[in-house]
Number of protein chains: 2
Amino acid sequence: MTKQFSSVWTREERPPKAPGLSRDQIVRAALDLLDAEGVEGLSMRKLGARLNAGATSIYWHVANKDELLELCYDRVWVDVVVLDPETAHWRPALSTFAHSLRSTILRHPWLARLLGRIPGLGPNLLSVSDRIMRLMQRAGFEGLEISFATGTVMAYVMGQTIPEVTWRETMGKQEIQPGDLMNILEKTTADDFPELFAAFRDTRDMDPLETQRMSFSYGLECVLDGLEARVNA
Amino acid sequence: MTKQFSSVWTREERPPKAPGLSRDQIVRAALDLLDAEGVEGLSMRKLGARLNAGATSIYWHVANKDELLELCYDRVWVDVVVLDPETAHWRPALSTFAHSLRSTILRHPWLARLLGRIPGLGPNLLSVSDRIMRLMQRAGFEGLEISFATGTVMAYVMGQTIPEVTWRETMGKQEIQPGDLMNILEKTTADDFPELFAAFRDTRDMDPLETQRMSFSYGLECVLDGLEARVNA
DNA sequence: ACCTGAACACCGTTCAAGT
DNA sequence: ACCTGAACACCGTTCAAGT
């Protein structure tokens with residue numbers, strides 16, 4: 001075996017810097033950017049830079065920024081846990097689903113901004129919906145109630161978690177403690193809203209994260225109780 | 001009484017074009033723009049133009065765009081109906097509140113985009129919260145449960161209505177009917193998600209707006225049933 | 001088939017300057 | 001006290017041109 005002559009001129013040109021961009025690669029980079037800097041931090045130019053590409057190269061793989069966001073949005077649903085519809089009991093399955101969805105949203109706070117903007121049509125979200133509906137159908141729900149019940153749980157989780165994210169972000173950005181905020185508000189408006197501030201005071205000495213978790217679980221049990229009352233009606 | 005000599009030069013200059021801008025005036029114009037063109041349609045420049053002012057004049061009255069959005073967000077809560085906490089029964093009161101909040105959001109679709117972005121701290125939202133909490137307290141809820149129960153209802157309404165708005169907007173923008181969309185999806189993915197598409201088919205011949213209203217009411221009754229089970233526990 | 005850069009039509013916000 | 005215009009540092013997207 002003889003060593004071959006080697007130089008730039010003899011070596012075949014490699015496929016230009018990796019096989020070029022792929023949609024998958026773009027979405028992964030976008031997710032990184034979203035997790036690191038939020039929706040506001042994701043721009044086509046920054047994303048291009050992170051991929052060592054021109055900003056406008058992305059438009060070959062994706063029609064526009066909204067489509068890119070649809071892809072990102074759908075991607076996170078792979079992490080949401082839905083127990084096996086064939087074997088799990090519907091109530092604990094719905095409960096783990098709800099907590100799993102909540103923690104996914106809290107892990108990717110930018111989701112809170114997309115829920116009012118992106119229609120959920122991706123395969124991962126559809127798959128989650130389908131599994132939950134199978135769960136409900138096996139539980140004894142029938143006809144329209146299958147999707148109504150499913151929608152109720154999803155609505156509750158999102159509605160509870162979105163403002164939760166908004167709070168965490170504003171607290172974080174302003175570097176303020178919930179207690180401080182309460183003190184500021186209290187001075188100006190406590191007299192006008194007695195019941196509201198009474199409730200604030202009740203939670204003053206509690207860990208706000210723990211309070212939010214309790215609040216979430218409380219409402220979830222309400223919803224599940226309401227469903228349970230209908231399951232055999 | 002003698003008629004006085006009058007000319008531009010004798011008459012005192014009026015305060016320049018109205019008493020200038022006021023925060024209230026700015027917010028009203030911003031709401032008009034939001035209702036007409038949505039969140040994307042509201043820019044400081046367009047808003048300035050609508051007020052016959054330079055775009056940057058607004059910054060004298062308002063720190064930045066996010067603060068302006070906070071003001072807009074709070075303003076719509078004046079339309080949300082909460083029956084008198086001293087006389088109304090909690091359950092019908094919560095039901096009218098829920099439907100009223102839903103229709104307010106549907107009337108101002110841009111709200112769906114702000115819920116994940118703006119912390120609700122304005123007087124009108126606080127006032128609504130306070131009235132509901134008084135309602136719950138009179139109903140027999142105690143301590144933390146007062147705010148947990150209130151939060152549950154608000155979360156449900158928002159979580160159900162936000163995606164509802166997103167759907168209406170994407171349908172509207174793409175000028176597509178729900179049936180058409182279903183046909184498109186069905187071709188590619190119906191086999192993968194049998195239960196989901198079975199549900200779609202059940203609603204195929206129904207008025208989608210009516211279906212959404214039914215779905216909303218179904219979940220609301222679930223939530224209220226769950227609360228009712230706790231009211232005297 | 002895939003990527004690029006220049007260019008267009010926008011943004012929010014700051015700030016010195018005006019009245 | 002209130003308003004202005006110019007300027008800065010960004011945007012998303014189109015498109016002719018390159019390989």
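The sequence lines fix the lettering, A, B, ..., with proteins before strands; numbering per chain opens at 1. These figures come from a predicted structure and were not determined experimentally.
Of the possible polar contacts, one joining the A:Thr170 side chain to the A:Thr166 backbone as a donor-acceptor pair under 3.5 Å is found.
Rounded to whole Å, atom P of D:dG5 lies 12 Å from atom CG of B:Asn52. In this structure, B:Lys65 places its NZ atom 14 Å from C1' of D:dC10, rounding to the nearest Å. Per the geometry, CG belonging to B:Leu51 stands 14 Å off C1' belonging to D:dC2, to the nearest Å. Distance A:Glu40 CD to C:dC11 C1': 13 Å, rounded to the nearest Å. Taking atom CD1 of residue A:Ile58 and atom P of nucleotide D:dT14, one finds them 13 Å apart after rounding to whole Å. Rounded to whole angstrom, the span from the CG atom of A:Leu47 across to the P atom of D:dC10 amounts to 17 Å. Between the CG atom of B:Asn64 and the P atom of C:dC11 there is a distance of 17 Å, given to the nearest Å. Whole-Å rounding puts the B:Arg45 CZ to D:dC3 P distance at 18 Å.
Residue A:His61 has a polar side-chain atom (N or O) positioned under 4.0 Å from OP1 or OP2 of C:dC3.
Using atom P as the reference point in both C:dA9 and D:dA9, the two lie 22 Å apart (nearest Å). Using C1' as the reference atom, D:dA17 and C:dA1 are 15 Å apart when rounded to the nearest Å. Atom name C1', nucleotides C:dC10 and D:dC8: the rounded distance is 15 Å, in whole Å.
Using cut-offs of 30° and 60° on the angle between ring planes, the pair B:Phe200 and B:Phe197 is perpendicular.
In this structure, the nucleotide among D:dG12, C:dC11, D:dA1 sitting nearest to the side chain of B:Trp60 is D:dA1. Of the candidate nucleotides C:dC3, D:dC3, D:dT13, D:dC3 has the atom nearest to the side chain of B:Leu21. Relative to the side chain of B:Tyr59, the nucleotides C:dT4, C:dT14, D:dT4 differ in distance, and C:dT14 lies closest. Of the listed nucleotides (C:dG12, D:dC3, D:dC15), D:dC15 has the atom at the smallest distance from the side chain of A:Thr56.
Within 4.0 Å of A:Leu42, counting heavy atoms only, lie sugar-phosphate atoms of the nucleic acid but no base atom. Among the atoms of the strands shown, only primed sugar atoms or phosphate atoms (P, OP1, OP2) are found under 4.0 Å from some heavy atom of A:Ser43.
Between A:Phe216 and A:Tyr156, the ring centre distance stays below 6.0 Å.
With a 3.5 Å ceiling on both atom-pair distances, C:dA9 lacks any Watson-Crick or G-U wobble partner. Nucleotide C:dA16 forms a Watson-Crick or G-U wobble pair with D:dT4, both donor-acceptor distances falling under 3.5 Å.
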- Can you check side-chain contact (heavy atoms from CB on, under 4.5 Å) on A:His99 and A:Arg213, steps first, answer last? CA-CA 9 Å; A:His99 281 100; A:Arg213 237 191 58 85; 4.1 Å; yes
- Task: Go through the steps for A:Arg113 and B:Arg117 under the test side-chain contact (heavy atoms from CB on, under 4.5 Å), then give the verdict.
- Result: CA-CA 7 Å; A:Arg113 295 278 288 268; B:Arg117 181 169 169 186; 3.7 Å; yes
